[in-house]
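Here the structure is laid out as C-alpha cells; the discussion comes afterwards.
Values below: all heavy atoms of this structure, side chains included; hydrogens, waters and symmetry mates excluded.
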Amino acid sequence: MRIEYTLKKKDKNTEARHGSIKTNYGEYETPMFMPVGTKATVKGLSKEELAAVGRGIILANTYHLWLRPGEDVIDKCGGLHKFMNYEGPILTDCGGFQVFSLIQNKEKDITEEGAKFKSHLDGTELFLTPEKSIEIQNKLDSDIAMSFDECPPYPVTYDYMKQSVERTIRWAERGKKVHKNDHQALFGIVQGGEFTDLREYSAKETVKLDFDGYSIGGTSVGEPKDVMYKMIEDGVRYLPEDKTRYLMGVGDPIDIIEGVIRGIDIFDCVLPTRIARHGQAFTRTGKINLNNAKYITDMSKLDPECDCYTCQNYSKAYIRHLITTKEMLGGRLLSIHNIRFLIKLTEELRKAIDEDRVLEYREEFIKKYSKKSP
RNA sequence: GCGGCGUUGGUGAAGUGGUUAACACACUGGUUUGUGGCACCAGCAUGCAUGAGUUCGAUCCUCAUACGCCGCC
C-alpha cells in the first residue's frame with residue numbers, strides 16, 4: 001500500500017476539490033492542513049493533543065533527523081512511527097529547503113551531484129544528494145517521501161531557473177531509481193519560479209516520471225502574493241486529476257483558501273506553531289498578538305467560534321500572562337489553537353466544495369478576517 | 001550639629017562645557033509561510049534632584065536647598 005487519491009467532489013466554479021487519500025493508516029479527507037513536526041515532534045504537543053485538533057498527516061524533516069538522532073538510530077528504533085509512538089501518516093520533507101537556506105553560494109555549492117552546505121549545529125560541511133535524501137527517508141520509514149529538489153530564492157534570473165529546473169528533474173529521476181520502500185509513497189516537486197513556461201516544463205517532465213503525488217515547490221520564498229498564486233496555477237494545470245497535489249510551506253489562512261481554489265489538496269506550514277511561540281493567534285477576525293497590553297484583563301476566549309481545547313478552557317488574559325512571562329504552557333496552548341484553526345478551515349472548505357460555494361466562502365472569510373479584531 | 005560622598009528614564013546604569021544623553025532590562029507596537037524553536041525589527045529621558053550663578057553656551061563648573069549613604073560629636 002502506498003497512497004491513493006480519490007476525487008469525491010469538484011467545485012463547480014473553481015478548481016477546488018474535495019477528495020480523500022488512502023494511506024497506511026486509513027483514509028484521510030482533503031483539502032488538509034499538515035502540522036509540522038520537524039524533529040519528530042509537533043513542537044510542544046503530545047500525540048493526544050495532536051489527535052484532538054483533527055485527523056491528518058504530519059510532517060517531519062529529513063535534514064534535522066539526519067543530523068540528530070540520525071536515520072540509523074531511528075531505523076534501529078523501529079522507524080519514525082514507532083520511535084514517536086505516532087499512529088498516523090507521516091510525510092518527510094526532502095531537506096531541499098534547508099539546503100536552500102544553508103548554502104553559502106548557490107552557483108558554486110550546488111552541483112549536478114548534489115548540494116554542499118554547512119550544518120547549522122556546528123558548521124560541519126555536509127553534502128546531500130538525491131540518492132542520500134531518499135535513502136534517509138527510506139530508513140526513517142515515513143509514509144510519504146519527497147524527491148530532493150533545489151528551492152531557489154526569489155528572484156533569480158530566467159537562465160538560472162531554467163538550469164535549476166532541469167537539474168531538479170534529473171535529481172527526481174535519480175531519487176526515484178534508489179527509492180526502495182514499498183510502503184512509502186514518493187512525491188515529485190514542480191519548480192520553475194514565476195516563469196510560466198518553466199512551471200509547465202517542470203510539471204510535465206515531473207509527471208512523466210510517474211510519482212505517487214506532486215508538490216508545488218518554490219513558493220513562499222519572498223515573492224508577492226499574486227506571483228505565488230500564479231505559480232500555483234501554472235503548476236497545477238499540468239498535474240493529473242487522480243494524484244494528490246501538495247503545496248509546500250504554505251499556511252497563511254488566506255493562502256490556503258487561494259491554494260484550494262487553484263486545486264491544491266494538502267498544505268504544510270510552520271506558521272501556526274511558530275507564531276504561537278511568539279504569542280500570536282489566528283482568529284476569525286484576523287491575527288491577534290497576545291503580547292498586546294489591551295488583553296491584560298480580557299477574560300474572553302481567543303476566538304468565540306473555536307472549538308479547540310485552549311478556547312474551551314482558557315482566556316486571553318491568562319494566555320497573555322503565560323506569553324509575557326515566557327511560560328511554556330502559553331506557546332503550547334496557542335499552538336493547539338492555531339493548528340486547530342487551520343484544520344477547521346480545511347474542514348469548512350470541504351463542506352463549501354460539496355455545496356459549490358467556495359467563492360462565497362472565500363469572500364465571507366476574507367471580509368471577516370480582514371476586519372481588525374476588538 | 002559638623003564633615004565626606006552621592007542624586008541621570010519604569011529599573012540597572014554609561015557619559016560629555018557645544019548638534020540626536022551610550023548600553024541593557026522592562027514597557028509599547030510590528031514581523032514570522034517545505035522551522036537554523038523560544039527570534040528579529042522598530043519605538044520609548046526636549047531632559048540628567050530643585051533653585052540661582054559663571055559662560056556665547058551647563059546634565060557636566062560654582063553656590064544654596066532637599067533627599068540618601070558613611071563618619072565624627
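Nucleotides C60(B) and A49(B) place their P atoms 8 Å apart, quoted to the nearest Å. Straight-line distance between the P atoms of U8(B) and A14(B): roughly 10 Å, to the nearest whole Å. For G1(B) and U59(B), the C1' atoms lie 32 Å apart once the distance is rounded to whole Å. Rounded to whole Å, the P atom of A21(B) lies 31 Å from the corresponding atom of C67(B). Rounded to a whole angstrom, the distance from the P atom of A66(B) to that of C23(B) is 37 Å. When the P atom is compared between C70(B) and G30(B), the two are found 47 Å apart, to the nearest whole Å. Across the C1' atoms, C48(B) and A13(B) are found 13 Å apart, a figure rounded to whole Å.
At the phosphate of U35(B), OP1 or OP2 sits under 4.0 Å from a side-chain N or O atom of Gln98(A). For C38(B), neither phosphate oxygen OP1 nor OP2 lies less than 4.0 angstrom from any side-chain nitrogen or oxygen of Lys43(A). Side-chain N/O atoms of Asn61(A) include none lying less than 4.0 angstrom from OP1 or OP2 on G34(B). In this structure, Asn291(A) does not reach the G29(B) phosphate: none of its side-chain N or O atoms is under 4.0 Å from OP1 or OP2. Between Arg277(A) and A39(B), a side-chain N or O to OP1/OP2 separation shorter than 4.0 Å is absent.
Scanning residues 220-250 of chain A for heavy-atom distances under 4.0 Å to RNA chain B yields Ser220(A), Lys225(A), Met248(A), Gly249(A), Val250(A).
With respect to the salt-bridge test (charged N to carboxylate O, under 4.0 angstrom), the residues Asp354(A) and Lys8(A) do not qualify. The pair Arg174(A)-Glu131(A) meets the salt-bridge criterion, since a charged nitrogen lies less than 4.0 angstrom from a carboxylate oxygen. The existence of a salt bridge linking Lys344(A) and Glu348(A) is confirmed by a sub-4.0 Å separation between a basic side-chain nitrogen and an acidic carboxylate oxygen. Classification of Lys367(A) and Glu363(A) as a salt-bridged pair fails, no side-chain N sitting under 4.0 Å from a carboxylate O.
Atom CD1 of Ile275(A) and atom P of C40(B) are 19 Å apart (whole Å). In this structure, Asn338(A) places its CG atom 15 Å from C1' of G37(B), rounding to the nearest Å. A straight line from NZ of Lys326(A) to P of A26(B) spans 6 Å, rounded to a whole angstrom. As rounded to whole Å, 13 Å separates atom P of C41(B) from atom NE2 of His278(A). Note: CZ (Phe33(A)) to C1' (G34(B)) measures 11 Å, nearest angstrom. What separates CG of Leu290(A) from P of C38(B) is a distance of 19 Å, to the nearest Å. Separating the CD1 atom of Ile254(A) from the P atom of U33(B) is a distance of 16 Å, rounded to the nearest angstrom. Summarising the geometry, the separation between CG on Asn289(A) and C1' on U31(B) is reported as 10 Å, rounded to the nearest angstrom.
As judged by a 4.0 angstrom heavy-atom cut-off over every strand, Thr273(A) is placed among the base-contacting residues. Base engagement by Gly251(A) is indicated by at least one non-hydrogen atom pair under 4.0 Å involving a base atom. Counting any heavy atom pair closer than 4.0 Å across all strands shown, Leu121(A) reaches no nucleic acid atom. The residue Asp252(A) sits close to a base: some heavy atom pair falls under 4.0 Å. Gln191(A) comes within 4.0 angstrom of a base, heavy atoms only.
Side chains of Lys43(A) and Thr38(A): a donor-acceptor N/O pair is absent below 3.5 angstrom, by distance only.
Base pairing of G71(B): its partner is C2(B), meeting the Watson-Crick or G-U wobble criterion (both donor-acceptor distances under 3.5 Å). When Watson-Crick and G-U wobble pairs are counted only if both distances are under 3.5 Å, U62(B) pairs with A52(B). With a cut-off of 3.5 Å on both pairing distances, A22(B) has no Watson-Crick or G-U wobble partner at all. Nucleotide C44(B) is matched to nothing when pairs are restricted to Watson-Crick or G-U wobble geometry with both distances under 3.5 angstrom.
Between the side chain of Arg362(A) and the backbone N or O of Glu258(A), no donor-acceptor pair lies under 3.5 Å.
Partner Asp265(A) forms a salt bridge (charged side-chain N to carboxylate O under 4.0 Å, His left out) with one of Arg350(A), Lys243(A), Arg17(A) and no other, that one being Arg17(A).
Gln137(A) CD to Asn61(A) CG: the interatomic distance, rounded to the nearest 0.5 Å, is 9.0 Å.
Nearest nucleotide to the side chain of Ala293(A), out of U35(B), U33(B), U28(B): U28(B).
Atom NZ of Lys162(A) is surrounded by 12 or fewer heavy atoms from other residues, nucleotides or ligands within 6.0 Å.
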